[in-house]
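Read the numbers this way: they start at 1 and go in the same order the structure lists the ligands and their atoms.
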Amino acid sequence: MVVVMASGATDAQVDAVIARVRLTGGEAFVSRGVSRTIIGLVGDVEEFRALNLRRMAGVSEVIRVSTPYKLVSRDHYPGRSTVVVGGRDGRPEVRIGPGYFTLVAGPCAVESLDQTLESAELAKAAGATLLRGGMFRPWSSPRAFRGLGKSGLHILAEAGVATGLPVVTEVSDANDVEPVAEYADMLQVGARNMQNFAMLDAVAQAAKPVLLKRGIQATIEEWLMAAEYIAQRGNLDIVLCERGIRTFEPSTPATLDISAVPTVQRLSHLPVIVDPTHASGRRDLVLPLARAVIAVGADGVLIDVHPDPDSALCDGPQALAGSEVRELASAIRRMAPLVDRDPVDVTANMVPEPR
Ligand code: PEP
Ligand code: MN
């Protein structure tokens with residue numbers, strides 16, 4: 001069961017609901033979103049019914065949810081959520097959600113200041129509004145470039161300030177969440193860590209929006225349950241990212257599950273973006289797949305870019321360089337309006353400054 005508080009409900013009203021729920025021996029988890037506070041109830045549904053929570057001050061709705069994921073389900077919030085990222089150091093707030101098509105781009109790995117700055121400029125020129133860049137690289141081979149670790153964080157932050165873009169980076173250990181959250185505007189949970197539950201708890205508590213990638217072998221329900229872990233700890237600012245799943249087809253490292261987008265949109269109110277880069281592992285497939293991503297109605301696309309992919313320390317074969325990034329940006333500009341979305345554009349995605 002989920003209690004949706006009215007906009008403007010006070011903390012005292014929220015506390016009163018929690019206290020009443022606890023009288024039954026149940027537990028209540030509060031999530032404060034941009035526009036509303038919701039309280040997820042775990043316990044005996046019949047006992048909750050008897051509490052008449054709907055009549056309490058500040059309560060807007062009490063909803064019975066039949067799916068195992070509750071807070072992230074559309075039963076609890078029938079609309080579609082918008083997640084706001086950034087807004088620090090004079091940089092814009094970026095909205096990811098219905099009506100927008102957001103380009104998240106940047107180097108797979110932060111290698112050096114120059115390479116990160118050049119990648120960031122490339123991403124921005126193409127209209128990216130969120131800069132990505134990895135510090136903790138999770139590869140199958142221990143001999144692959146594993147990233148600069150914490151020492152690279154200030155480089156990404158510097159590139160974000162230089163280009164005026166908020167930044168997202170992957171965190172792969174619960175102990176790194178705090179230092180990473182100091183630099184990043186959004187925390188990425190990579191495919192390999194989608195069910196690292198200790199880390200999901202830590203990420204949820206960092207008070208930053210989360211980009212949650214789908215695990216390589218995860219069902220949609222498992223993916224949404226991972227999101228529920230984060231939501232249950234009080235953070236509803238979650239963007240889901242489909243990045244391909246393992247199938248029997250060997251021509252690409254993963255098979256992009258394009259049908260996951262409308263499926264998830266029916267089940268969950270969270271925004272969904274798609275990463276064709278890591279699904280395909282091949283530069284020549286990124287643009288055609290990105291076109292499919294726009295057409296299917298996703299909220300954005302995430303890609304690796306590099307000023308010189310041949311010299312990239314990791315994922316060079318799938319990184320887009322200058323002209324390819326521009327081609328992708330032009331496809332977004334042409335196609336996004338056809339599916340009723342603002343094409344990617346730094347200004348279009350900006351939230352106006354408060355007057
Ligand atoms: C990434 O985005 O850098 C990445 C490694 O992706 P994934 O976790 O989806 O493999
Ligand atoms: Mn990569």
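- Taking the six-membered ring where tryptophan is involved, the planes of Tyr77 and His269 are perpendicular, since the angle between them exceeds 60° and thus also 30°.
- Gln115 pairs by the side chain to side chain contact (heavy atoms under 4.5 Å, CB included) definition with Pro107, Glu111, Ser112, Ser119, His306, not counting sequence neighbours.
- Contact annotation: for Phe136 versus ligand 1, there are no heavy atoms closer than 4.0 Å.
- Proximity annotation for atom 3 (O) of ligand 1: of Glu170, Arg137, Glu242, Lys213, Arg137 comes nearest, heavy atoms only.
- The contact set between ligand 1 and Gly190, taken as ligand atoms under 4.0 Å from a residue heavy atom, comprises 8 (O).
- Protein N/O/S atoms found under 2.8 Å from the Mn ion (ligand 2), listed by chain and residue number: Cys108 SG, His278 NE2, Asp304 OD2, Asp315 OD2.
- Taking every heavy atom of Gln188 and a limit of under 4.0 angstrom, the matching atoms of ligand 1 come to 1 (C), 2 (O).
- Heavy atoms of other residues, nucleotides or ligands lying less than 6.0 angstrom from CZ of Arg146 number 12 at most.
- Residue Arg132 has at least one heavy-atom neighbour below 4.0 Å for each of these atoms of ligand 1: 1 (C), 2 (O), 3 (O).
- Near Trp139, the atoms of ligand 1 lying under 4.0 angstrom from a non-hydrogen atom of the residue are 5 (C).
- Protein heavy atom nearest atom 9 (O) of ligand 1, with residue, atom name and distance: Arg243 NE, 2.6 Å.
- By the 4.5 Å heavy-atom criterion applied to side chains, Val239 and Met186 are counted as neighbours.
- Taking NE2 of His154 as the start and OG1 of Thr116 as the end, the distance is 9.5 Å to the nearest 0.5 Å.
- Ion pairing between a basic and an acidic side chain is recognised when a charged N comes within 4.0 Å of a carboxylate O; Arg137 and Glu170 show such pairing.
- When only modelled atom types and interatomic distance are considered, Ser330 and Arg334 share a side-chain donor-acceptor pair under 3.5 Å.
- A donor and an acceptor atom, one from each side chain of Glu221 and Thr219, are nowhere located under 3.5 Å apart.
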Exercise answer: donor-acceptor pairs, residues 15-23 side-chain atoms, under 3.5 Å, sequence neighbours excluded:
residue: Arg20; atom: NH1; partner: Leu51; partner atom: O; Å: 2.8
residue: Arg22; atom: NE; partner: Glu27; partner atom: OE1; Å: 3.2
residue: Arg22; atom: NH2; partner: Glu27; partner atom: OE1; Å: 3.1

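- Of all protein heavy atoms, the one closest to atom 8 (O) of ligand 1 is Ala191 N, 2.8 Å.
- In this structure Tyr69 satisfies the ring pair (Phe, Tyr, Trp, His ring centres under 6.0 Å) test with no other residue, sequence neighbours excluded.
- Listed by number with element, the atoms of ligand 1 under 4.0 Å from a non-hydrogen atom of Arg192 are 7 (P), 8 (O), 10 (O).
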